[in-house]
Structures are given as structure tokens and as C-alpha cells.
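Naming: A, B, ... by sequence-line order, numbering from 1 per chain.
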Amino acid sequence: MKYKPQDIEKKWQAKWDETGVFRCPDELSAPKYYCLEMFPYPSGRIHMGHVRVYTIGDLLARFKRTRGYQVFHPVGWDAFGLPAENAAVRHKTHPAKWTWENIAFMRDQLRQMGFSYDWDREIATCSPDYYRWEQLFFLWMMKDGVAYRKRATLNWCDECQTVLANEQVNRDGTCFIHDHTPVKQKELDQWFFAITRYVEELLEGHNELAGGWPENILEMQRNWIGRSEGAEIIFPLASGEGSITVFTTRPDTLYGATFMSMAPEHPMVMEFARQSGREKEVGEFVERVSRQDRETRTGEEQVKEGVFTGGYCVNPVTGSRIPVYAANFVLYEYGTGAVMAVPAHDQRDFEFARKYNLPVVVVIQPEGEPLDDATMRAAHEGPGKMIRSGEFDGADNEEGKKAVTRYLESRGSGHATVQYRLRDWGVSRQRYWGCPIPVIHCEACGIVPVPEKDLPVILPEDIPYSRERGNPLASVEEWICVPCPECGKPARRETDTFDTFVESSWYFLRYIDPKNDKAPLDPEKMRRFAPVDQYVGGVEHACMHLIYARFFHKYLRDKGLAPGNEPFLRLLSQGMVCMQTSECPKHGWRYSEEVDEKGLCRQCGEKVIVGRSMKMSKSKRNVVEPSELIARYGADTARVFVLFAAPPERDLDWSEQGVEGAFRFLSRIYRLVVQRADAVASARLAWDDSGEVRRIRQVTHQTLLKVTGDIEERFHFNTAIAAIMEMVNSLYLVEDAAWSEPATAGALKEAVEILLHMLAPFAPHIAEELWVEIGGKDLLCTRRWPEADAAVAREEQVEVPIQVNGKIRAKITVSPDASQEEVGALVMAEPRVREHLQGKTVRKTIYVPSKLFSIVAN
RNA sequence: GCCCGGGUGGCGGAAUUGGCAGACGCACGGGACUUAAAAUCCCGAGGCCCUUAAAGCCGUGCGGGUUCGAUUCCCGCCCCGGGCACCA
């Protein structure tokens, strides 16, 4: 009679496997529902974060299946990446071996959780069957100019010995993998994807996603893309030859531009210096600034400084000759690398001007106290009226932005434009364990794409693995040396591989056609199953994976492969799994088993400091192993716990007692059903209309309505479980005799059947087991979700609170259909109401049916 | 600095469209069962006042406002978390 998940779960996992109930055929027989969770990196074993995402996804997949959808629920492995290489060095193994062994182990762990995947569609991105198509896409992209090579200053991590995308550099300028390694700048020839070609579409697409995606993710993407409208303005050089173009969002302040600031890296800086004989001091400054790493360069405390380059240009509207400075705060990568300086209306320029005694000219006058060039203490960046701006004087500055731009356009001195923070995506990585970039470098022909017929370019297996730094691929001469496909002379393969985010940018499409060896994707199948209806994953991918994948989808759409504009219609971004941290003053972070019952460190006996709850991580030693959890309580308990402890989008605090609670809940259902199993099995689904029957059926159908709505419309899984708990509680209060009493047995049979149907997506193993106990012959997971009967669920009597002047003074029980007059009459007869109305006149009564009766009196 | 979230009992959380604040669970207390404990089942519980109960009052970060009625809407703050940031 005791609930032993260990006896139950394996059996049902095997049964689901044998019967293939979760396989999704290529042909549609019902409306499709593509449910996807972000695929795991095969790091070795699953962690609680995986348990959480995959449980949420599985709940939805299982639920939708019972709602009549043909559910497409695949899984695979994001299998390329740096940890495999590090492990190879550490354990003297091969990255491939390490990766495939991890996949095998983790696959087993996922099966133990009872997730309803279609395992026939499993893919691993490190397999040539997968990455060969990525190489083909790359060749297309080269032809389309979407993939291109350029020399660029890039983020470089000494630890990784590779280039990083901007997205992979932490806020403090460290590497996203090696949190303590500062990222350097390095100039290299690199491959890029022209994501900026799609930048407007990436922004506009947010309209399509609004509602289906969490607002904060859209906001993060908007910030990341960083669109700003403004103008490019041409400043002719004072020498008469050439010009400098700047980007500004404030063309309205152009009349106040009194000097020019340029990024130290800008080639014209040294050009000016040479011409004016200021090479020494300018050179020193440029040298000093460029030696600074990203962190110091963009650090908050960085003082604004610069040097006069010796050059002059001309303000195109005032005609004045203005000096050109090199300034450390101007970024070469953004805009044109040069900015017009308007000290009166930009705080940075203001500080710079005061430091170097440059003129400050107020051209925007705010309402109230007039600004004074000489005495103002800070720039005025807000709105105002234009002054000292020629024909624009008196105009509102917002209007002025457009007017000045139009004026510049008419004179050929500039034009309206838009700038973005988003840069093209650098995809080259100097790594072995990634997809080879299919090009060949020939001395005579230059960069030659590998011909399609020669794809895939397969990673060589035999590689030297040692502690040597750098890309091991670069030393595999027999792989590198190939004849040039064009001239046949000896040439060399590209040894860079793709950023692993390239693989994760299209895996969701490949699941639909995973075994196709003729083409990457069959457009017909894509139209059938893409896009993803529901995607589940963590916020940490808001600006990387989720932007890259949207870009890739749009490119593949343009190639006629991907349907629709967006890959993921709905996104649920789940919170982190957190746990309290414990810190020993001597030994640092402690695992809970390293602390005794009194809260002392087992190693040294010092009092351990209990810290706040933080994301589970090995380094903080606050992790719980899912395998131990499953072994002890079973997968169903793990699933119920993560779904019940917090709503999906919020962080979840791990609690041992919470897990106990989930286990107790399942045990309670188990005992309830097993004890009554024979009675339920032999009862018939029939009932009269006695009070007891009505009461039982009312609870059943009310719960069903609530649970259905909570899962389907609100994604509130915790309250759905709470409702099931309430129903179980009420079934415990039913007299034992009622279960075998013919009058009530039918209603109770219905209750248990519906209970198990509702439980199934949350705790599928126990639900199947109990389904058999009560005489079920088929698999519960293949049955349709029961339909709630609203008429049965309806309350015939409701308790209505009565407010007198805003305070609740009494309650009455009435029919929900009673009119305001009928209820009012009862209300006025209530002694407690009369008491509070004593000596007062009723001014107004309000009745919200079934909710509240309110009386205003004075 | 700009932009998003969030703040509710001892704890996790609930309150779906402005309508009974605290569902459900955890921890806690009491009872039943037991020689006993565990497990299980039942009951109780926001705070103040009070021997107890009733009644009353207070209560959703703080201060105001709108409303018959505000956790929910508006204005002004405080705190926590996150994103962006010398981005011109």
C-alpha cells in the first residue's frame, strides 16, 4: 500500500518506449503543436535547471497531446563547445569520446524523468550529418554576401585562446566562460554573418511576438539592438580637401558644435598629427589609450581626456573653424568614430570643453532660468527653444532636429540616418571542437569556398591533444593541406570553426527532418511543423541564441526553407533554481552535507554563515543532484516539486521540505486510490441527483475547470496543483462507505478518473499506475482530457459578503441568480446590517452578483 | 543615468476583469491511533485587544489620490533583482 516510485517508474518508461506513443509521425492527423525546450549542452549530467525546463516543457507537451493535438516534442544535443576540449586535455581523452559518453549518460537521465520525447528525432550537432548542412548554408551565405570576411579588432580570451562575440563578453569585460579572465582586443581576419541586414526586421518582428514572448525579453533585445535615429553630418576639413562625417542624434544642436572628437583609433587622427607636426604628443596619447583593456577603457571612473590632433574642420552651418581632438571616450566601432562636440548640450563634451578651455555655446534655451555660456555648471541635455541658430531661432528643438536635417540634406551636407548598437555576428572561433568553416585559402585564388560536392568538411579525428595553447586543428597538416578547388595548386584549409551558436540557430528546424541526407530541410515538412508553438528556456539566452536564431530563421525563410517570419511563436522563460548558500570562514562555500546539524563546518567546527539563496552552482556548493533526488523520491516527485514550488517564470527556491511535501501529496493520492481501487473499478459511471452526488460531482468539475484553465490559458501550474490537492483533500473526507454505496460510487468513480487524468501531465508514472489499479486498460497518456460540465460545476448557493460603508459586516447565502431586489430584501433583514445602519439613511446600494453587496449610508 | 521586473503571514506562494487578502503547501500547535515513537488521519492558526469567545480595530514596502470598495488603477518616494550604458 506504500507508494514506491522506484517500483513504478521504470516500468512505465519502458511501456511508453515500446508502444512509441510519443513518436510524432511525419504526416499530420490533427492540428500540430510544436513544443520545444532549449536543448542541453552534454556537460556530463543533468542539473536542477534542466529538470525544471524540461519538466515545464513536458507538462505542456503531455497536456496538449490529451487535448487532441499532434504534439511534436523533440530533444537533442548542443554538442560542440569548449568544455569538451578542456575535458580532453584534463582527462587525456578525445572531445568526441567525452561528448558522446556524456550524451549517452544524460539521455538516460532524461529518460528517468519520464519526459515524453520523440527519441527518433534526436540530433547531436557534432555529427557530420548535422553540421554538413551548416556548411552548405555558409556557402549560400557567402554567395549572398551574408557571410563575409574582414579584418577586425575583436574580443580575445587568452584562456579560451579564441575570439568571442560581443554577446560573450561579460559586463565587466571578462570572458563569459572564464569569469576572471579579462578579454583583450586583437586584430584578426574573421568571418562574419551580416545580422545587421535584418536589424529592422528583428525589431519589427517584436510586434508579432508581443503577447507570446515575455515583455522583459523583448526589452532586452531592443536594448541590445540599440536603435537610435539621428543624422550624419559632413564637416569639411579646413584645409579644403576631404571631410569628416559624424553621427548625431542631436542635429538641433549643430550651431553649438565648437569642436570635434575622434576615436584614438581613427586613421585621420595620426594623419592630422603628421600634417601639423604633433606626431609625438598625439602618438603617445593614442598609444596609451589603445593599450588599455576594455574594462579600464569603458570603466565608469574613466576620466575624459584627449589631445588636440592639429587638424581643423568647418562647422557646415556656422562656417566656423573648429579644432579636432582625439578623445578617449569616443568609440571607433560605433557611428563613424567621430562626433561633433556640443559642450552646452552634452555632458561629456561639457566636461571635455571645460578641461581644455574650449568654447561653450548655448543653442537650446530651456524654459525658465536662461543658460549662460560662461557660468553654466553642467550641460543642458533636455528640451528647449533654439537660439543662436540662424533661421531656426525660436523653433522647438524637437522640430529643429527634423528641420536642421532637411536643411543639411538640401545643401548636401548630411542626411537622416539610423544607427544600431548591434554589430555583425563574428562567427570564427580558433577551436577544434566545432563545425569547420568550409573554405580554402589559395595563394593564387585567394579565399575559395569548398565546392558543394566536397561537403561535408569533416573534422579530423586524429588530433594532438596536449596542454599546448591555441587551436589543435592548426597543427593537423595532412588535413589542412589540400589542392585549391580552382587552380589545383597546393592550398590550405581554413582552420577556424563556427561559434557554437551557429548550430543552435537552426536545430529546431532540423528536428522536423532529422534524417534527410539529400537536403538540409524539406520545405514541405517545414510548412507542416514549423514554427515552434511553444519554446521554453532561460533568460540568459535573450540576447544571444534568441537573436541569432531569429536571424537565421529569417535567412532560411529567404532561401525558401523556413516558413513564417519568426521561429518561436511563444516563449516561456523560466526562472533559476536557487538554494541557500553556506560559507565557512575557513573553508569557504560548503555543501549542506559538509555542515552538521548545529550549523558547524564538519571540517573545522567553525560556525557556518548561512547566506542568501543563490543560483545553484558547483562553485557555490549549493547544488542538488537530480539523480539523487530521483533515486530517493522518484521522477514524479521531482516534477511536482519544481512545478508547485513557484510559478514557472520566477526563481525557485530549493527546499528539502518542499520535496517532502510533493512526495507526501503523491503518496496521499496513491493511498486514496489504491484503498478504493476495487470499489472504483467495479462501480458504473452512473448517478442519480442526490445531494451527496451533486456535491461530489460539483467538486470534480470545478477542479477540472480550474486545472484546465490554469494550464491552458494562464500557465499557472502551481495553482493547478493546488486545485488538485484541494480535490484530494475533499475526497479524503468522503465516508468510506460511500465508495461502495451504489448511489455515490458512480460519482466517486468519475472523480477518481478525472483526478488521474489531471494528474497525468504532472506526475505521469503514478497516474498510469493508478489508472491500471482502477481497471484502466489503455495508456492514460493517450486518452483525451475530460470535458468539464459547467452546469455540474455550478454552485446553487453562494455566500455573499455585505459591506456597510466599505466594511464587511455580515454574510448571507443566496442563489447566484437572485436579483438585486431579492438579495437586497434579505440584506436589509440581517440584524448585523440593521445594527450598523442604525440612525443612518441608505444613499446607495451596489450588488455584484455572487461577489458582494455594498451599502453606502450616512 | 535610461529601461524592464518585483516587494503580500515564520517561509514558498494565492487572489483570473477594481469586489470576502492570505487558497494550496512548508514549518508550527492541538487531537485521534499507538505501550511508545515514526508514519497516517482529523482540527487550529495574519496581527492587535482579550483568560477565552464574540465584537472591534490594524494589515499587501512608504506617503498621497481616485472609488461605495484598491494587493489590483493614478501621482510621488524607498528597497531588491535584472538588462543597457562615455553608444554621440
Distance test, side-chain N/O of A:Arg832 to OP1/OP2 of B:G56, below 4.0 Å | yes

When we call it a touch if two heavy atoms are under 4.0 Å apart, what does A:Pro647 touch: a base, just sugar-phosphate, or nothing?
-> sugar-phosphate

Taking atom types as modelled, is there a side-chain donor on A:Arg550 or A:His206 under 3.5 Å from an acceptor on the other?
-> yes

Does a side-chain N or O from A:Lys811 land closer than 4.0 Å to OP1 or OP2 of B:G19, or not?
-> no

Starting at the 5' end of RNA chain B, which residue's closest nucleotide do you reach first, A:Leu852 or A:Asp651?
-> A:Asp651

Taking only the side-chain nitrogens and oxygens of A:Ser667, find out if one of them lies under 4.0 Å from OP1 or OP2 of B:U40.
-> no

Which of B:A88, B:A23, B:G19 is nearest the side chain of A:Glu726? It is B:A23

Is the number of heavy atoms from other residues, nucleotides or ligands under 6.0 Å of A:Arg834 CZ greater than 12?
-> no

For the side chain of A:Lys807, starting at C-beta, report the closest nucleotide among B:A88, B:C58, B:C68.
-> B:C58

If only side-chain N and O atoms of A:Asn718 are considered, is one of them under 4.0 Å from the OP1 or OP2 phosphate oxygen of B:A14?
-> yes

Check every atom of B:A88, B:C24, B:C68 against the side chain of A:Met725 and return the nucleotide holding the closest atom.
-> B:C24

Quick one: is A:Arg671 getting a side-chain N or O under 4.0 Å of the B:A39 phosphate, OP1 or OP2?
-> no

So, is A:Arg348 close to the B:C87 phosphate, meaning a side-chain N or O under 4.0 Å from OP1 or OP2?
-> yes

Nucleotide opposite B:G46 in a Watson-Crick or G-U pair, distances under 3.5 Å = B:C58

Can you tell me the Watson-Crick or wobble partner of B:C84, both distances under 3.5 angstrom?
-> B:G1

Polar pair under 3.5 Å, donor/acceptor by atom type, side chain A:Lys304, base B:C86 | yes

Partner of B:C24 by Watson-Crick or G-U wobble geometry, both contacts under 3.5 Å, or none?
-> B:G12

Salt bridge flag under 4.0 Å for residues A:Arg52 and A:Asp651 | no

Tell me whether the OP1 or OP2 atom of B:A15 has a side-chain N or O from A:His716 closer than 4.0 Å.
-> yes

Closest to side chain of A:Ala722, choosing from B:A23, B:C86, B:U16 = B:A23

Any sub-3.5 Å donor-acceptor pair from A:Asp346's side-chain atoms to A:Glu381's backbone N or O?
-> no

Shortest side-chain distance from A:Gln657, nucleotide among B:C26, B:A88, B:C24 | B:C26

Counting only Watson-Crick or G-U wobble pairs whose two distances fall under 3.5 Å, which nucleotide matches B:U71?
-> none

With heavy atoms under 4.0 Å as the rule, sort A:Glu333 into base, sugar-phosphate or nothing.
-> nothing

Is any side-chain nitrogen or oxygen of A:Arg664 closer than 4.0 Å to OP1 or OP2 of B:A27?
-> yes

Of the candidate nucleotides B:G13, B:C84, B:C4, which contains the atom at the shortest distance from the side chain of A:Trp224?
-> B:C84

Taking only the side-chain nitrogens and oxygens of A:Arg650, find out if one of them lies under 4.0 Å from OP1 or OP2 of B:G82.
-> no

Any N or O donor-acceptor pair linking the side chain of A:Lys851 to the base of B:C20 at under 3.5 Å?
-> no

Exam field: side chain A:Asp349 to backbone A:Thr258, donor-acceptor pair closer than 3.5 Å | no

Do the side-chain N or O atoms of A:Tyr334 get closer than 4.0 angstrom to the phosphate oxygens (OP1, OP2) of B:A88?
-> yes

Looking only at side-chain N and O atoms, does A:Arg668 come under 4.0 Å of OP1 or OP2 in B:C42?
-> yes

Using Watson-Crick geometry (N1-N3 plus N6-O4 or O6-N4) or G-U wobble (N1-O2, O6-N3), each under 3.5 Å, B:U40 is paired with B:A32

Mark yes or no: A:Arg668 above the aromatic ring of A:Tyr732, with NZ or CZ under 6.0 Å from the six-membered ring centre and no more than 45 degrees from the axis.
-> yes

Lys/Arg N to Asp/Glu carboxylate O, A:Lys402 vs A:Asp252, below 4.0 Å = no

Below 4.0 angstrom from OP1 or OP2 of B:G25, is there any side-chain N or O of A:Asn729?
-> yes

Which of these nucleotides, B:A14, B:G19, B:A88, is closest to any side-chain atom of A:Ser854?
-> B:G19

When all nucleic acid strands are considered with a 4.0 Å heavy-atom cut-off, which category describes A:His836: base, sugar-phosphate, or nothing?
-> sugar-phosphate

Quick one: which of B:A88, B:C24, B:A14 gets closest to the side chain of A:Thr719?
-> B:A14

Conformer about C1'-N of B:G9 - syn within 90° of 0, anti elsewhere = syn

Is any side-chain nitrogen or oxygen of A:Arg809 closer than 4.0 Å to OP1 or OP2 of B:C20?
-> no

When you check the phosphate oxygens OP1 and OP2 of B:A15, does a side-chain N or O of A:Arg714 lie under 4.0 Å from one of them?
-> yes

